[in-house]
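Heavy atoms only: backbone and side chains are in, while hydrogens, waters and symmetry mates are out.
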Amino acid sequence: RSGSFSKFSPGSEINQEINVAIVKSKGFERDTNGNIISFYVMDKNNVEIKVTSHEPVPAEIINAEVVEILGHLHEDSFTAARISVIK
């Protein structure tokens with residue numbers, strides 16, 4: 001988790017990449033089809049943010065520790081355009 005959310009300006013629609021750790025203790029939110037639609041991550045400054053995704057989240061995220069997310073901050077959540085498992 002080498003990234004920091006402090007470099008993001010809330011409300012900006014410009015997508016940026018950030019590597020963050022998954023907060024497994026908060027679990028994963030699923031839709032009616034059982035697909036993961038949101039989860040929590042933590043940056044290097046221990047800032048926790050909820051990540052939501054318009055695209056299906058990769059199922060292997062459940063076993064991941066670190067993910068790279070591409071997207072933007074929207075108030076108190078992060079809207080991801082892409083989610084990639086790093087570790």
Side-chain angles (χ1 to χ4, degrees):
R1 63 170 185 194
S2 52
S4 170
F5 285 115
S6 62
K7 72 174 186 178
F8 288 81
S9 53
S12 170
E13 297 289 316
I14 299 169
N15 286 342
Q16 296 183 64
E17 291 178 343
I18 181 173
N19 287 7
V20 285
I22 298 203
V23 182
K24 293 192 178 176
S25 60
K26 296 239 174 149
F28 298 89
E29 188 179 339
R30 296 176 186 267
D31 65 14
T32 53
N33 297 321
N35 298 313
I36 297 170
I37 52 171
S38 71
F39 56 96
Y40 286 85
V41 297
M42 182 184 292
D43 74 0
K44 67 178 181 182
N45 300 318
N46 296 325
V47 175
E48 278 188 21
I49 288 192
K50 182 179 187 175
V51 175
T52 58
S53 178
H54 297 303
E55 299 297 315
V57 175
E60 60 265 33
I61 199 168
I62 290 179
N63 299 315
E65 292 174 38
V66 178
V67 290
E68 178 188 86
I69 51 178
L70 171 71
H72 56 271
L73 273 180
H74 187 75
E75 292 176 21
D76 57 352
S77 70
F78 188 93
T79 303
R82 191 185 75 229
I83 299 167
S84 308
V85 173
I86 302 293
K87 181 180 160 197

Grouping I, L, V, M, F, W and Y whenever their side-chain heavy atoms are under 4.5 Å apart, do Leu70 and Ile83 come out in a common cluster? no
Check the surroundings of atom NZ in Lys24: do more than 12 heavy atoms from other residues, nucleotides or ligands lie under 6.0 Å from it? yes
Determine whether Ile61 and Phe28 satisfy the following criterion, side chain to side chain contact (heavy atoms under 4.5 Å, CB included), listing intermediate values before the conclusion. CA-CA 10 Å; Ile61 199 168; Phe28 298 89; 4.0 Å; yes
Do Val20 and Val47 belong together in a cluster built from hydrophobic side chains that touch within less than 4.5 Å? yes
Classify the ring geometry between Phe8 and Phe78 as parallel (under 30°), tilted (30 to 60°) or perpendicular (over 60°). perpendicular
Short question: side chain of Asn33, backbone of Asn35 - any donor-acceptor pair under 3.5 Å? no
Say you draw a straight line from CD1 of Ile49 to CZ of Phe5; how long is it, rounded to the nearest 0.5 Å? 4.5 Å
Using 0.5 Å steps for rounding, measure from the CG atom of Leu73 to the OG1 atom of Thr79. 8.5 Å
Single-linkage hydrophobic cluster Ile37~Val57, side-chain heavy atoms < 4.5 angstrom: no
In this structure, OG1 of Thr52 is separated from CZ of Phe39 (nearest 0.5 Å) by 9.0 Å
Specify the closest pair of heavy atoms between Asn15 and Ala81, including all atoms of both residues, with the distance to one decimal. ND2-CB, 3.7 Å
Tell me, do Asn63 and Val85 make a side-chain contact under 4.5 Å, heavy atoms counted? no
Can you list the residues that meet the side chain to side chain contact (heavy atoms under 4.5 Å, CB included) rule with Ser12, with sequence neighbours excluded? Ser9, Ile14
Which atoms form the tightest heavy-atom contact between Ser4 and Lys44, and what is the distance? CB-CE, 3.7 Å
Quick check: closest heavy atoms across Asn45 and Asp43, and the distance to 0.1 Å? N-OD1, 2.9 Å
What heavy-atom pair brings Val23 and Val41 nearest, and what distance separates the two atoms? CG2-C, 3.6 Å
Report, as yes or no, whether the 6.0 Å neighbourhood of atom CD on Glu48 holds more than 12 heavy atoms from other residues, nucleotides or ligands. yes
Where is the tightest heavy-atom contact between Lys7 and Glu17, given as atom of each residue plus distance? NZ-O, 3.2 Å
